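Below is one structure, written out as structure tokens; comments come after it.
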Amino acid sequence: MAIKESPTFRRRRVALELRRLREGANLTLEQASEHLECSPTKLSRMETARTPLHPRDVRDLLDLYGVTDEKVRETLTGLARDSRKKGWWQGYDDVLPAEYSIYLGLETAAFSIEVYRSQLLYGLFQTPDYARALMGVDVLRLSPEEVDRRVELRMARQELLTRENPVRVWAILDESVLHRVVGGREAMRAQLQHLLRLAERPNVTIQVLPYQVGPVLATPESFNYLRFPDPNDSPIVYIEYSTGALYLERKEEIAEYRNMIDHLIANGVSVDRSLAMIAAAMDEL
């Protein structure tokens, strides 16, 4: 599950460069897609890493954009070729929505993830019993086998926290997350104990946003802010909905969510106080 094993990230690297080259050549999506003999929609999906990249299409676009440097051409076509390989998570395609597959590829490549949770715990922090209780809600209408597979996938994701060069996670949890009992009292107690153990890891920071600070954000939505090892790779904000997901990449969007994170951190209690609140919530169960 190392960075080099994320084909989604390779696809994004190529996609961002193709968009930059097209804009540098002063070509519209319509003009470039005509050369490629495809629809503007398909090219747009290529430039936003929403569809697999064919090395032949990449070569054709590089011809159109006037890229003659062989090293650049070989690098981009090679990344496009590698981006078609399967990631570790694709072994769960039977229970994995397409949009979520994109996120797992980005999550695997990230070196830092800052998350805000307003109701439920972040997936990388969940115990099997907590995750199973969430997957088993009636509205999802999942079979027992599908629940098992999704829980297995969620547990596999958590290797990101313990791998060599583990991802750094800073989680801001609304206080209500600590008191919303998921899976029963014993399961929730075990979940809170698990949070305290996770907080002992040097790559995990947990901060609580207490009730008394009142409304901090204009919207209660949970979100993830992902950053990548190469500073040339801009951050991504991921927002999950019941019917899909939203990926934000524009500079103004990234800046807005960066401000939100900083505001949440400033309004949260200290890490020591946060852990004390988790322990107190556990003792109440």
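What you see is a predicted model, and the numbers here were worked out from it, not measured in a lab.
The CG atom of Leu248 sits 9.5 Å away from atom CD1 of Ile236, with the distance rounded to the nearest 0.5 Å. Remark: Gln126 CD to Leu120 CG distance equals 7.5 Å, nearest 0.5 Å. Expressed to the nearest 0.5 Å, how far CG of Asn224 lies from CD1 of Ile239 amounts to 9.5 Å. How far CG of Leu246 is from CD of Glu221: 8.5 Å, rounded to the nearest 0.5 Å. Here the SG-CE distance, from Cys38 to Met46, works out to 6.5 Å after rounding to the nearest 0.5 Å. A distance of 12.0 Å separates OH of Tyr122 from OG of Ser222, quoted to the nearest 0.5 Å.
Linking Ile, Leu, Val, Met, Phe, Trp and Tyr whenever their side-chain heavy atoms come within less than 4.5 Å puts Leu195 and Leu161 in one cluster. Taken together through direct or relayed side-chain contacts under 4.5 Å among Ile, Leu, Val, Met, Phe, Trp and Tyr, Leu160 and Phe228 form part of one hydrophobic cluster.
The backbone N or O of Thr28 sits less than 3.5 Å from a side-chain atom of Gln31, completing a donor-acceptor pair. At least one donor-acceptor pair under 3.5 Å links the side chain of Glu175 to the backbone N or O of Tyr211. Side chain of Arg22 to backbone of Leu27: a donor-acceptor contact under 3.5 angstrom is found. Panel note: side chain Thr205, backbone Trp170; no donor-acceptor pair is recorded below 3.5 Å. One N or O on the side chain of Gln207 and one on the backbone of Ile265 form a donor-acceptor pair closer than 3.5 Å. Gln158 places no side-chain N or O within donor-acceptor distance of the main-chain N or O of Met155, the cut-off being under 3.5 Å. No donor-acceptor distance shorter than 3.5 angstrom exists from the side chain of Arg132 to the backbone of Leu134, with no hydrogens or angles considered. Checking side-chain atoms of Asp174 against main-chain N and O of Val177 turns up no donor-acceptor pair under 3.5 Å.
In terms of heavy-atom proximity, Val269 sits nearest to Ser274 at CG2-OG, 3.2 Å. Residues Ala199 and Leu275 come closest through the heavy atom pair CB-CD2, 3.5 Å. Contact between Pro235 and Tyr225 at its shortest, heavy atoms only, is CG-OH, 3.6 Å. The heavy-atom pair separating Phe223 from Val237 by the smallest distance is CB-CG1, 4.3 Å. Of all non-hydrogen atoms in Met188 and Tyr130, the two that sit nearest each other are SD-CE1, 3.8 Å. In plain terms, the two heavy atoms of Ala187 and Gly183 that are nearest each other are CB-O, 3.3 Å.
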Do any side-chain atoms of residues 52-63 form donor-acceptor pairs under 3.5 angstrom with protein atoms, and if so which ones, sequence neighbours left out?
{"unit_1": "Asp63", "atom_1": "OD1", "unit_2": "Arg73", "atom_2": "NH1", "d": "3.0"}
{"unit_1": "Asp63", "atom_1": "OD1", "unit_2": "Arg73", "atom_2": "NH2", "d": "3.0"}

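In this structure, the side chains of Pro144 and Val147 stay at 4.5 Å or more apart for every pair of heavy atoms. A heavy-atom distance below 4.5 Å is found between the side chains of Leu29 and Glu47. A 4.5 Å side-chain heavy-atom check between Asn203 and Pro166 finds at least one atom pair inside the cut-off. With contacts defined as side-chain heavy-atom distances shorter than 4.5 Å, the pair Arg273/Met277 qualifies. With contacts defined as side-chain heavy-atom distances shorter than 4.5 Å, the pair Thr108/Arg163 qualifies. No side-chain heavy atom of Phe111 sits under 4.5 Å from any side-chain heavy atom of Leu226. Side chains of Leu264 and Leu209 form a contact here, defined as non-hydrogen atoms less than 4.5 Å apart. The shortest side-chain heavy-atom distance between Phe125 and Val169 falls under the 4.5 Å cut-off.
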- Task: Could you check Arg227 against Asp233 for salt bridge (charged side-chain N to carboxylate O under 4.0 Å, His left out), going step by step and ending with a plain yes or no?
- Result: CA-CA 8 Å; Arg227 291 186 289 172; Asp233 294 314; over 6 Å; no
- Task: Take Met260 and Glu256, measure what side-chain contact (heavy atoms from CB on, under 4.5 Å) needs, and give me the verdict at the end.
- Result: CA-CA 6 Å; Met260 286 187 188; Glu256 179 179 349; 3.6 Å; yes
- Would Leu196 and Met282 count as a side-chain contact (heavy atoms from CB on, under 4.5 Å) if you check the C-alpha gap in whole Å, the side-chain angles of each, and the deciding distance to 0.1 Å? CA-CA 10 Å; Leu196 294 175; Met282 184 178 68; 4.2 Å; yes
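Sparse packing is recorded around CD of Glu34, with 12 or fewer heavy atoms of other residues, nucleotides or ligands lying under 6.0 Å away. Dense packing is recorded around CD of Glu252, with more than 12 heavy atoms of other residues, nucleotides or ligands lying under 6.0 Å away. Surrounding CZ of Arg201 are more than 12 heavy atoms belonging to other residues, nucleotides or ligands, all under 6.0 Å away.
Contact check on Arg20 versus Glu17 returns a salt bridge, with a Lys/Arg side-chain nitrogen under 4.0 Å from an Asp/Glu carboxylate oxygen.
Residues in residues 179-199 take part in these side chain to side chain donor-acceptor pair (under 3.5 Å) pairs, two or more places apart or across chains: Thr127-Gln191.
Between Glu107 and Tyr103, the side chains place a donor N or O and an acceptor N or O closer than 3.5 Å (distance only, hydrogens not considered).
Between Tyr238 and Tyr247, the ring centre distance stays below 6.0 Å.
Residues passing the salt bridge (charged side-chain N to carboxylate O under 4.0 Å, His left out) test with Arg168, sequence neighbours excluded: none.
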